There are 2 protein chains.
Amino acid sequence: MPGAKLGLIEEQARTEAQAPTSALAMFGPETPLRLDSGVSLAPFQIAYQTYGTLNADKTNAILVCHALTGDQHAASANPVTGKPGWWSMMVGPGRPIDTDRFFVICSNVLGGCMGTTGPATTDPNTGEVYGLELPVITIGDMVRAQAMLVDHLGVDVLLAVVGGSMGGMQVLQWAASYPERVLSAVPIATGPRHSAQNIAFHEVGRQAIMADPDWCGGKYIAQGTSPRKGLAVARMAAHITYLSEEALHNKFGRELQDRSALTFGFDADFQIESYLRYQGMTFVDRFDANSYLYMTRAMDYFDLAAQHGGTLANAFRNTKTRFCVVSFTSDWLFPTSENRTIVHALNAAAANVSFVEIETDRGHDAFLLDMPEMFATVRGFLNASARRRGL
Amino acid sequence: MPGAKLGLIEEQARTEAQAPTSALAMFGPETPLRLDSGVSLAPFQIAYQTYGTLNADKTNAILVCHALTGDQHAASANPVTGKPGWWSMMVGPGRPIDTDRFFVICSNVLGGCMGTTGPATTDPNTGEVYGLELPVITIGDMVRAQAMLVDHLGVDVLLAVVGGSMGGMQVLQWAASYPERVLSAVPIATGPRHSAQNIAFHEVGRQAIMADPDWCGGKYIAQGTSPRKGLAVARMAAHITYLSEEALHNKFGRELQDRSALTFGFDADFQIESYLRYQGMTFVDRFDANSYLYMTRAMDYFDLAAQHGGTLANAFRNTKTRFCVVSFTSDWLFPTSENRTIVHALNAAAANVSFVEIETDRGHDAFLLDMPEMFATVRGFLNASARRRGL
């Protein structure tokens, strides 16, 4: 299914504000994306990065899926922040996902804000920024769009799909929706559905954004404003859930900013306070508030069992995909028990699955950090997958 | 130390907006309260409730300390909400804290918003609402003010001091500051200091309030506004921490409001969302936003070991107080480990201490709920304390 068949318009040119260094795959009115909401989206575009070289047989492609606030810059400097790619320790020459051997694709998800069509995109049909007029996007929609991109890149079967957190949800959705196109799947620090507690934290974030008068009912771009304070509060609340109590205690404890004394005021006395404020402030410079609403909603809506008659194992019935599930002991957002639910379902579906729980105090964020055991696990698993494919 | 010595002006009269049914103890310029910040507060007032009758020997008085958003209405209908007192299952005739036998005192803490001097109070020295001009209040300040109230009520030695969460912090502070005045102490679901993670959650709440333009730099009462949205978001974030993942899962799971289908929008689809929104909305009708800032700050600042040279056991050196520490298995705000730290310190101080960890899925909020094992524990402990005192 090469791209030409799908009526694509490829545009490698820079776009100014969004994803200046990313390739864009353009999908025109003749290739609408049927969304889970029932609405058809057309046209739309996907911003993506590739790393490494696709081999002649097109058998060495690995799709990397990003998390809630991630983007396509897994292994390349982020053009907005100037920082290294969010998974540059995982993806690159000689890295566990070795770009000397593999062709790695990473795209900004549908609904994102780094070049792929999202709420900050101008709707070509109206000439106005989508805002909340963009239909709600699901993990299934993201994956369906990614499949169109993979088609466009001339890849039929992916050697692997890899991702953590919301990226892990996409991995599971890929394995369920396109089992014949995914040889290996590596869902990390994720779950088969979003829990009530996780929905609750997301709802707090959304309410913080929507409570900000500068949100303007979602039309802040047209109004020339930005709900920075609300988005920062949302990020602060979420950020706590990405860490562990133990890590926060070890890193900050009750250490004061000014080590000498409490100030008896409401400025940041404790280091944890100024750390959190910094996390909130820097986030708003790189993320669109409406996109945050869409991303959190997509995660909340994710429920793979519900897609398959209420039985998770049915999502993987007769699958030939090999799975490697990874969890972290101190992750309380997607605790090991959630990851184990996936393993149990895969076992019930007679799938080929390995499961690694990694001991760490770094919490959910561990999947983004220097985790030698995770790297060794992913490297070994992908090497075995490559050997099976004769690479 | 009877009240007259302290130059008190007692006023049982109703005040309009605040605590219409509560007694008020007024402390004039001649009895300033020296705060931990170094500032002297005068005049100030304490709104309180009593239940039961003080015996002739004045040996049957129990002080109940309330939590972050609690008030003096432990066992009487709340005049703002019309709901039963927040601990009416614990305190009352025949209840574990039996008002047929004991004289129970419960006062609104300093910095509160139910009649005791707080940021919403008009500063008699300036004629303007305090707002952020009120000095930052500590748990130590709250307890010092309570001691003045207890003096005023003619009680020298308390049979017991009992409270959960921030109330438990006050219990510990009482035992540390006034060991000779506390025969028995029951700290429930609390800790000897506020953890980094707990400070982080409080900071999110404060930022949510201060991000609301209607907060007006703390001067919203003078401006005729109220940061309702910000305070609601703060409450929502905090409320999640009061529950457990298990309880949320059992109570709400992924149940939808409209059971038939997802709406593909940003209204409350899931029951947990509308539950949280309701918690936020109802809270703002009964709580002052600045008071929320002061209460959270007081908890953040609490560090009993730091008050005693860094060694928690020093806080209880040579204590004769009997302690009963209670924790709940699913409480992740003040987990059993935090409560056990108190027990270890008490053991190191050779104190008389019993410790009960109660199995429940109700999370931190368990101390406010129908917990037969907690009731039996408190009842038994207080009965033994009463026997020792010849009651």
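Below, chains carry the letters A, B, ... as their sequence lines are ordered, and counting in each starts from 1. Quick caveat: nothing in here was measured; it's all calculated off a predicted structure.
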For the candidates [options], which exhibits the highest count of non-hydrogen atom pairs separated by less than 4.5 Å from chain B?
options                        : result
A:F201, A:F266, A:F252, A:W332 : A:F266
A:L35, A:I199, A:L276          : A:I199
A:A268, A:G265, A:P213         : A:G265
A:D214, A:D212, A:D303, A:L243 : A:D303
A:K229, A:Q207, A:H202, A:R193 : A:Q207

Has the side chain of [X] got a donor or acceptor atom that lies under 3.5 Å from a matching backbone atom of [Y]?
X      : Y      : answer
A:Y242 : A:R362 : no
A:Q271 : A:L256 : yes
B:S291 : B:G111 : yes

Inset, instruction - Would you check if A:Y278 and A:F283 make a side-chain contact, meaning some heavy-atom pair closer than 4.5 Å? - result: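 They are not in contact (no side-chain heavy atoms under 4.5 Å apart), so the answer is no.
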Given heavy-atom pairs under 4.5 angstrom as the criterion, report whether the side chain, backbone, both or neither of [X] touches chain B.
X      : value
A:L132 : side chain
A:N198 : neither
A:T263 : both
A:H194 : both
A:Y275 : neither
A:R277 : side chain
A:L293 : both

Inset, instruction - Take the angle between the ring planes of A:F334 and A:H364 and call it parallel below 30°, perpendicular above 60°, tilted in between. - result: tilted
Inset, instruction - Give the ring-plane orientation class for B:Y292 versus B:F287, where under 30° counts as parallel, over 60° as perpendicular and anything between as tilted. - result: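 Taking B:F287 first and then B:Y292, their aromatic rings stand perpendicular (interplane angle over 60°).
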Inset, instruction - For the pair B:R254 and A:D300, find out whether any cationic side-chain nitrogen is under 4.0 Å from an anionic carboxylate oxygen. - result: no
Legend entry - Distance, nearest 0.5 Å, that separates CG of A:D36 from CD1 of A:I137: 9.0 Å
Inset, instruction - Among the options B:R297, B:H249, B:E245, B:M236, pick out the one with the most heavy-atom pairs lying under 4.5 Å from chain A. - result: B:R297
Legend entry - Shortest non-hydrogen contact between A:R206 and A:T296, atoms and distance: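 So the minimum-distance heavy-atom pair works out to NH1-OG1, 3.1 Å.
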Legend entry - Side chain, backbone, both or neither of B:D269 within contact of chain A (heavy atoms, under 4.5 Å): both
